[in-house]
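Sequence positions, counted from 1, serve as the residue numbers for this chain.
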Amino acid sequence: MSAILVPQEPAIPVVLHQANILIVDDLPEKHVVMKTVLEELGQNLVSARSGREALRLILQMEFAVILLDVNMPDIDGLETAGLIRQYKKTSQTPILFITAYADEIQASKGYALGAVDYITSPVVPEILRSKVKVFVDLYCMNRQLQEQATEREALARSEAARAAAEEAIRRADFLSEASRRLTESLSMVATARALVDVAVPGLGSIAAVALLDSHGELHCRHVKSQQGGGGGEASLPDDGRTLNPKMAAIIHSAIRTRRIEFPAPVALWQIPDTSNALADLAYLPSFTERMAVCPLIAGEQMLGALILFGKTEDFQRADTALLSEIVSRASIAMENARLYTLVQEADRRKNEFLAMLAHELRNPLAPIRNAVHIIHSSQTVEPKVAWARDVISRQVDHMSRMIDDLLDVSRIARGKVAVHMEQLLLSTLCERAVEASSPLLAARNQELSVTIPDKPIVLQGDLVRLSQVLSNLLNNASKFTDSHGKIALSASLQEEGVMLTVLDNGQGIDPEFLPHIFDLFAQGDQALDRAQGGLGIGLTLVKHLVELHSGKVEAYSEGRGKGSRISLHLPAKVLEDGVSLAVASERAVAKPMSIAPRKILVVDDLVPSAETLKMLLELEGFIVQIANDGASALHIARQFAPDAVILDIGLPGMDGFEVARQLRDRPESQNALLVALTGYGEAESRLRSQQAGFDHHVVKPADIDALLAMVSQPREGAAAMRVQ
C-alpha cells in the first residue's frame, strides 16, 4: 500500500527576544566566570564594575535579572540594591546577591531590599545557571503576555473602530434613504406616510404621525406596525383620528419643550376602532416596552409629532441624535409640503378671482358697447356726440384688451394656453399687426414705417397669437412715444429664422429697469399721474407667447429719452419657388340674411345689458323679448317660441347651462339657435357651454357685427360657427 501523505500546516515561527542580564562586580575575573557559566542561556550579558555604573545602565536598558556583588569598594551591593529599587522600571526586577559569606543580619537586609536569593561564592555553575534561567524564563513569559495583551487591545480597538465605521455608514445610508423618501412628494399626506415607512422598522416597531390642524388640535394621520397580528399600515380618514387625551398632552408637552421625550407608553386613542384592525391601538401591544415622542417643528411652525413604540433595544439602536436628525428632515419636508399647498391654494384662488373679475368687468362693458353701436346706427349725429361715441368705443376696446391680457397671463402661467400652429406668411402677420395698431397710431399722429424682405418668408405659428404679440409691441411703442413721433417695424432674415424689430424714438428705458422689463406687472414709469396707464403685463405676454413659438425676445435702450428697440427672433424659412403655401382659410363672418324677421329671446340679469341689446336688435329688424332670470326665460320661451336665444350663463338661481339644457328638451325651443353671451371666456366654460347644448360661446362685450351675423343664420348653418 502506498502511504497517504497528509499535508502538514507550516509551523508558526516564534520570535524570541534576548533578555538582558546585568552582572555587577568589581573583580574582572568574576565577570569572566559568570559569563562563562551563563553564556549557555543564550541571553545578552551586560557587565558593570561598580554600583554607579550599574545605576547608569539600568536607566538605559531593561534587565530580566541582576547579579549583584555585595562587597564593592565605592557603593556596596546593599546600597546599590536600595537605589535600584527607587526606580519604577526596576522596582520589581529580581536581584541575586553574590557574596563570599552571608550572615543572618546581612541576609535580612538583602531580602528587605527585594533580593530574591543569595548565591555564595565561589558559585556552583549548575545552581547559578538554573536560578538565573528561572528568572529569565519568567521575564520572557511576562514579556510575551504583555505583547499578547497589547495585541488584544489593538485588535479590540480595531474592531471597535470597524464597528463604529459600519454604524456610521449604516446611519448615513439610513438618513440618505429617509431624505429621499421624505422629499419625493409635496403632499402632507404622502410625506406623513413616507415618515412612518422610514420609521418602521428603522426606528421602532410602531410609528404614528399626529399633525396639528388650524385650531391647534392634534389628529393622527397615519399608522404603521411591524409586529403583532395587525402588522401593516393604514391611512386614517382625511380629518385623521382624535388622540387619547393623555397622548395629546404628552405630544403638546414635547412640542412646547421642542425636545424628544421618552415617557411611559400610552395608547394612541381610548375607543377601539373596529373599522381597521391596525388602527385599533386603544390597547398597547404586548411587545411595547418604550415610547418616544418626537416633535415636528420647522422654525417657528409647529407641525405635530412622530410617535414611536417598540422594545428597549429599538431605542438603543436609534439614539436621540438619529431621531433628532430624522424628525428635523421630516419637519422641513412637511413644512415645504404645507407651504406648497398654501401656494397652490393661493394660485387657485387667484385664478378664480381673475375669472370672476373678468366676468364682472365685462358685464358693464356689454351695454356700453351696445349703446355705442346704437348711436352708430343713427343717421344724424351731432359732431360732439360722434366724438364722445368714438371716445367711448375706443376705451371699451382698450378695457376689453386689458381684461383679455390679464386672463392670458393667468392661463399662460398655468400652462392653459395652446397655440394652433400653421404655416403663415410674414407679410400677412405684419399686415394684421399694423391693422390692429393703426387706430392708436393715427390718434397720436405718429409715423409708422414698415420694412420687410421681398422674399416670401414662412413661419410656423399661431396667426392670432403672433399678431397679438406684434400688435402689443407696436401699441407699447406708441404709448411711450410722443405725438408726431416715429416708429419703425422691420424684419430681416437670419441663419435660423427671422428677426422682427420694433424701434421708436420715444421715452426710452432706464438701464436699471431694462433687465426687468419682461417681468409680470413691471412698469418703468411709476409716476403718480400714470399717464400711460396699463397693467404692466403686455411684455410678459409677449415673452411667453414668443417662447411658445420656440423663439426669444430682447429689449435694448440707451437710456431715458433715447428711444427703445425690441426684437423678436422666430424660426422661419424662405418659401421655395414653385411651392404653394397651405394657409388655413380664415373664418368668414356671415352677413345678416334678408329673411323674415326672426324672434330672439335675450336672457341677462344685468338689465342695462339686456335692454340695450334688445334695442340694438330691434333696430336691425328682429322681434325681441327679454328675461332676467332662468325661470322667466323658460316661461317666455314656451309662449314666444324664439328662433334664437342669447343667454347669459351667470344667472341668479338657475344658471345658463341648466336653462340651455331645458330649452333643448322642449319642443318649442329644441331647434332654436343658442348663443352663450357671458363674461366667462376660459376653456372650461366653453366646454360646459358645448355640453349644455349651446351653438356659440361669445365673451362680453361681444363684437356686434359677429353677433348679428350669428343670430341672422338658421341653426342648420350654426355648426360651422360653433367655436368663437
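With hydrogens and angles ignored, the 3.5 Å screen pairs no side-chain donor or acceptor of S253 with any backbone N or O of A249. Side chain of S158 to main chain of A154: no donor-acceptor pair is present (N/O by atom type, distance under 3.5 Å, no hydrogens or angles). Side-chain N or O atoms of D510 include none that pairs as donor or acceptor with a backbone N or O of E512 at under 3.5 Å.
Using a cut-off of 4.0 Å between Lys/Arg side-chain N and Asp/Glu carboxylate O, R565 and D504 are scored as not salt-bridged. Using a 4.0 Å cut-off between charged side-chain N and carboxylate O, R170 and E166 make no salt bridge.
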Please evaluate residues L268 and N244 with respect to the criterion side chain to side chain contact (heavy atoms under 4.5 Å, CB included), reporting the C-alpha separation (whole Å), side-chain torsions for both, the decisive distance (0.1 Å), and the verdict. CA-CA 6 Å; L268 277 173; N244 176 357; 6.0 Å; no
Worked verdict on H569 versus E554 for side chain to side chain contact (heavy atoms under 4.5 Å, CB included): CA-CA 8 Å; H569 300 268; E554 298 172 334; 3.3 Å; yes
Using the side chain to side chain contact (heavy atoms under 4.5 Å, CB included) rule, take T501 and I566 through it: C-alpha gap first, then chi angles, then the decisive distance, then the call. CA-CA 6 Å; T501 301; I566 297 183; over 6 Å; no
For I297 and L303, run side chain to side chain contact (heavy atoms under 4.5 Å, CB included): C-alpha distance rounded to whole Å, both residues' side-chain angles, the deciding distance at 0.1 Å, then the answer. CA-CA 6 Å; I297 302 173; L303 302 171; over 6 Å; no
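Listed by chain and number, the residues in a side chain to side chain contact (heavy atoms under 4.5 Å, CB included) with R349 are E345 (sequence neighbours excluded). For R338, the salt bridge (Lys or Arg N to Asp or Glu O under 4.0 Å) partners are E335, not counting sequence neighbours. Partners of L175 according to the side chain to side chain contact (heavy atoms under 4.5 Å, CB included) rule, which considers only residues two or more places apart in sequence or in another chain, are L322, E325, I326, R329.
No side-chain donor from either of R688 and Q691 sits under 3.5 Å from a side-chain acceptor of the other. Counting only N and O atoms by type, the side chains of E261 and T257 include a donor and acceptor under 3.5 Å apart. Checking H549 against D462 by side-chain atom types alone, no donor-acceptor pair falls below 3.5 Å. Neither side chain, H697 nor Q690, offers a donor N or O lying under 3.5 Å from an acceptor on the other.
Between M188 and L211, some side-chain heavy-atom pair lies under the 4.5 Å cut-off. For the pair R465/L548, no side-chain contact is recorded, criterion being any heavy-atom separation below 4.5 Å from C-beta on. Using a 4.5 Å heavy-atom cutoff, the side chains of L570 and L500 are in contact.
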